[in-house]
Amino acid sequence: TLNDPVYIEAAQALARRIYKEDSLFSAIDLAFYSGVSRPATTMEKERLGVLYHHAMERYMQDGAMAKKMATDPLGPEEGVEDYAHLAALTVVANVVLNLDEFLMKR
């Protein structure tokens, strides 16, 4: 499901929702709470923070790839100036939406 277009689109929508958060950790908390109805643990925040920073490095080097990750297939978002940030948040959101907790009901 990581590369499924429906999940990418859902991750883009979730990334747009968390884009306006004041900090990366509050964005991760909101993504987690939206996806699995609980806040992220400290370890989960740290790991997703590392993932975010790796994705940011990659997207800062390739603006076209960042814009594609942040907008294809959902389309451009009004008011977004930093597509590298939005694309990196999309990667984080995609991971949250692919957690077993999200995919499986107990």
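Computed from a prediction, not measured in an experiment: that's the story for all the values here.
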Check: T71 and Q12 side chains under 4.5 Å, non-hydrogen atoms: no

Selection residues 78-88 - residue pairs positive for side chain to side chain donor-acceptor pair (under 3.5 Å), sequence neighbours left out: Y52-H85

Over all atoms of both residues, closest heavy-atom pair of P73 and I8: CD-CG2, 4.2 Å

L97 reachable from Y33 in the ILVMFWY side-chain graph, under 4.5 Å edges: no

Donor-acceptor pair, side chain of R17 and main chain of S34, under 3.5 angstrom: no

Check: E57 side chain, H54 main-chain N or O, donor-acceptor pair, under 3.5 Å: no

Candidate pair E46 and T42, rule side-chain contact (heavy atoms from CB on, under 4.5 Å), full reasoning: CA-CA 6 Å; E46 289 171 359; T42 301; 3.5 Å; yes

Nearest atoms (heavy-atom pairs only) where A11 meets A93: O-CB, 3.5 Å

Close side-chain approach of D29 to I18, heavy-atom, < 4.5 Å: no

K45 versus F25, closest heavy-atom pair with distance: O-CE2, 3.4 Å

Student check: side-chain heavy atoms of F32 and P39 closer than 4.5 Å: no

Closest approach of L48 to V92 (non-hydrogen atoms, all atoms of both residues): O-CG2, 3.9 Å

L89 and L24, any side-chain heavy atoms less than 4.5 Å apart: yes

Minimum side-chain heavy-atom gap E44-R38 below 4.5 Å: yes

Separation between OG1 of T90 and CG of L86, rounded to the nearest 0.5 Å: 4.5 Å

Separation between CG of L30 and CG of L14, rounded to the nearest 0.5 Å: 7.0 Å

Exercise: identify the closest heavy-atom pair between A87 and A66: CB-O, 3.4 Å

Salt bridge (charged side-chain N to carboxylate O under 4.0 Å, His left out) partners of residues 65-74, not counting sequence neighbours, each pair once: K68-D72

